[in-house]
S.K.: 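Questions regarding the structure given below will be posed in turn.
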Amino acid sequence: MAGERTDPWQWRALLIRELALPSRQEEVPLTEALGRVLAADVTSPEDLPAEPLSAMDGFAVRRADLGAGTPTGEIDMVLPVLAELPARPGHVGALPPGATARIMTGAPVPEGADLVIPVEDTDADPFGPAPERVRIRLAGAPRVGRHVRRRGEEVALGTVLAERGRRVGPGLIGLGRALGIGTLPVLAPPRVVVVVTGDELTGAQEVTAAGAVRESNGEMLVAALAADGADASWRHSGDDPAALRAVLERAAAEADLVLTTGGIGSGAYDVVKQLLGELGAGTSRFAHLALRPGGPQGWGRLPGGTPVVHLPGTPVGAFVGHHLFVRPLLPGVDPAPRRLPLGADGGDRGDRADGGDGRDGGGRADGVGRADGVLRALPGLLRRDVEGRESVDVLPGSRLAPYGRADALVLRDGGPGALVLPL
């Protein structure tokens, strides 16, 4: 009789707590930092803008020169235009009292001026040369600072631009360039080696021998790891314990984290469990989780302390296990699932949701109202309706096939809707 199954969320929390990966910091050029994870807070080295700038095409004036206007607050006056200030490098002199300067958007505001009158509020030709005099008409008295970008208004010196642990996006690249930042402190990508086990696996394009299976877990997991910023590679080992021991020793020497797939069931050829479980080295712990597919799982440490996570050999089981139990270990990944409503069909299609082994699949794809406490993982497709409300559809299909177009992992836990992890 099968024993009590482990709760998947407790297993996930255990791995996060026990398998913290080492972090190494490196400084990289700003142009090479996209997608990398910050190793430290990034602060502004200067004010932005570095000096007051015009936010409009118009005329820079002193507020005091406009007076109070008429009893109703209207202003109608003529001022001499003493300068032309385009948005270009160069010295800008002070504005004397009782005068104005034509100014373009982005140009430095001259000393003494404290607001900009838009060209639309004057009689000046927006496209002609600067006039000698300009008439200003305003319905009300403007405030000091109107249409002027103050020094440090956008970013003040010392402001935290992005926190440690954030992933660098295009916005930070642009902001860094605007502030003259040349490099960013980022985490070195975690080094992950995937070890795929099984004598039946082949990398050949053509399967000629009976019982041979094209290997897919290695490339699939390396792609998933690379998408989250890891430096990943994979290698294959058969079902011989001595050969597997040698492969794992080499992987541990060059990796921050090792993943294995396959060999963790209860059969006579489950080489990973034989080598590292209770009857072997005893350095890994194995359990069967209340999860379909992906119930068999394991974790431990290899010689030298390198952490190892053991995933099932079925492609869908390995895929689900990676997203639930490996991604939370990687820096810069937000692995928290969101609860979303299901699409109109609710996923109740009766499709098989297993990873190639009916014992691990549960058969039906719905999982609605089940009282067995099993978390069911299904392929999904996120969608938004015309009002922007997000939901998720469960995709039909067997085993790995629907994951070819899925963009979400749908987790049916008996609650309303489903928990969703983006892929």
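Hydrogens, waters and symmetry mates play no part in the numbers below; they use all other heavy atoms, side chains included. Treat the numbers as computed from the prediction; the structure is a model and nothing was measured.
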S.K.: My understanding is that only one of Thr261, Val192, Leu329, Thr260 makes a side-chain contact (heavy atoms from CB on, under 4.5 Å) with Val309; could you say which?
M.R.: Leu329
S.K.: Who pairs with Ala401 by side-chain contact (heavy atoms from CB on, under 4.5 Å), at least two apart in sequence or on another chain?
M.R.: none
S.K.: Considering only distance and modelled atom types, tabulate donor-acceptor pairs under 3.5 Å from the side chains of residues 48-61, sequence neighbours left out.
M.R.:
from	atom 1	to	atom 2	distance (Å)
Ser54	OG	Met56	N	3.2
Ser54	OG	Met56	O	2.5
Asp57	OD1	Thr105	N	2.8
Asp57	OD1	Thr105	OG1	3.0

S.K.: Starting at CG of Leu400, measure out to CG of Asn217 and round the result to the nearest 0.5 Å.
M.R.: 8.5 Å
S.K.: Count the heavy atoms of every other residue, nucleotide or ligand shown that sit under 6.0 Å from CD of Glu111, and state whether that count exceeds 12.
M.R.: no
S.K.: Check this for me: Arg177, atom CZ, are more than 12 non-hydrogen atoms of other residues, nucleotides or ligands nearer than 6.0 Å?
M.R.: no
S.K.: Any salt bridge linking Lys273 with Glu278? Criterion: basic side-chain nitrogen under 4.0 Å from a carboxylate oxygen.
M.R.: no
S.K.: Evaluate the criterion salt bridge (Lys or Arg N to Asp or Glu O under 4.0 Å) for residue pair Arg36 and Glu26; output intermediate values, then yes/no.
M.R.: CA-CA 11 Å; Arg36 302 290 294 272; Glu26 58 186 13; 2.3 Å; yes
S.K.: Between Arg235 and Glu215, does at least one N-O distance fall below 4.0 Å, as a salt bridge requires?
M.R.: no
S.K.: Minimum heavy-atom separation for Ile173 and Ala33, please, with both atom names.
M.R.: CD1-CB, 4.4 Å
S.K.: So for atom CZ, which belongs to Arg150, do other residues, nucleotides or ligands contribute more than 12 heavy atoms lying within a distance under 6.0 Å?
M.R.: no
S.K.: Do any side-chain atoms of residues 157-169 form donor-acceptor pairs under 3.5 angstrom with protein atoms, and if so which ones, sequence neighbours left out?
M.R.:
from	atom 1	to	atom 2	distance (Å)
Thr159	OG1	Ala156	N	3.3
Thr159	OG1	Ala156	O	2.7
Glu163	OE1	Arg166	NE	3.4
Arg164	NE	Ala39	O	3.2
Arg167	NH1	Gly35	O	2.6
Arg167	NH2	Asp228	O	3.3
Arg167	NH2	Pro331	O	3.3
Arg167	NH2	Gly332	O	3.3

S.K.: I need the Leu340 CG to Leu419 CG distance, nearest 0.5 Å.
M.R.: 9.0 Å
S.K.: Checking the side chain of Asp407 only, and the main-chain atoms of Leu382 only, is there a donor and an acceptor separated by less than 3.5 Å?
M.R.: yes
S.K.: Decide yes or no on side chain to side chain contact (heavy atoms under 4.5 Å, CB included) for Val374 and Arg292, but give the supporting numbers first.
M.R.: CA-CA 7 Å; Val374 173; Arg292 291 182 180 173; 3.8 Å; yes
S.K.: Report the C-alpha distance between Leu411 and Leu421 in whole Å, list the side-chain angles of each, state the deciding distance to 0.1 Å, and finish with yes or no for side chain to side chain contact (heavy atoms under 4.5 Å, CB included).
M.R.: CA-CA 8 Å; Leu411 304 170; Leu421 283 170; 4.2 Å; yes
S.K.: Taking the side chain from Arg63 and the backbone from Pro142, do they hold a donor-acceptor pair closer than 3.5 Å?
M.R.: yes
S.K.: Quick one: closest heavy-atom pair of Arg301 and Val308, and the distance?
M.R.: N-CG1, 3.9 Å
S.K.: Measure the spacing between CZ of Arg102 and CD1 of Ile117 and express it to the nearest 0.5 Å.
M.R.: 15.5 Å
S.K.: Who pairs with Ala406 by side-chain contact (heavy atoms from CB on, under 4.5 Å), at least two apart in sequence or on another chain?
M.R.: Pro379, Leu395, Tyr403, Leu423
S.K.: Which atom pair, heavy atoms only, marks the closest approach of Ile181 to Leu30?
M.R.: O-CD2, 3.4 Å
S.K.: Do Leu342 and Arg412 pass the side chain to side chain contact (heavy atoms under 4.5 Å, CB included) test, and can you show the C-alpha distance, the side-chain angles, and the key distance before you say yes or no?
M.R.: CA-CA 10 Å; Leu342 288 164; Arg412 305 299 307 275; 3.3 Å; yes
S.K.: On a heavy-atom basis, which atom in Gly300 and which in Ser284 lie closest, and how many Å separate them?
M.R.: CA-OG, 3.7 Å
S.K.: Salt bridge or not between Asp114 and Arg62? Use side-chain N to carboxylate O under 4.0 Å.
M.R.: no
S.K.: Which atom pairs, donor and acceptor, lie under 3.5 Å between side-chain atoms of residues 8-19 and protein residues at least two apart or in another chain?
M.R.:
from	atom 1	to	atom 2	distance (Å)
Arg12	NH1	Leu324	O	2.8
Arg12	NH2	Pro335	O	2.7

S.K.: For His288 and Thr6, what are the C-alpha separation, side-chain angles and deciding distance, and is it a side chain to side chain donor-acceptor pair (under 3.5 Å)?
M.R.: CA-CA 6 Å; His288 200 105; Thr6 303; over 6 Å; no
S.K.: Please name all residues satisfying ring pair (Phe, Tyr, Trp, His ring centres under 6.0 Å) with His323, sequence neighbours left out, ordered by chain then number.
M.R.: Phe319
S.K.: Can you give me the closest heavy-atom contact between Pro402 and Pro396, atom names plus distance?
M.R.: CB-O, 3.3 Å
S.K.: Let me see the working for Arg339 and Asp413 under side chain to side chain contact (heavy atoms under 4.5 Å, CB included), right down to the final yes or no.
M.R.: CA-CA 10 Å; Arg339 190 169 291 279; Asp413 61 352; 2.7 Å; yes
S.K.: I'd like to know if the side chain of Asp47 reaches the main chain of Gly152, judged simply by a donor and an acceptor atom lying under 3.5 Å from each other, with no hydrogens or angles considered.
M.R.: no
S.K.: Are the charged groups of Arg191 and Asp256 less than 4.0 angstrom apart, N to O?
M.R.: yes
S.K.: Taking all atoms of both residues into account, what is the closest heavy-atom pair of Ala141 and Ile75, and its distance?
M.R.: CA-CD1, 3.9 Å
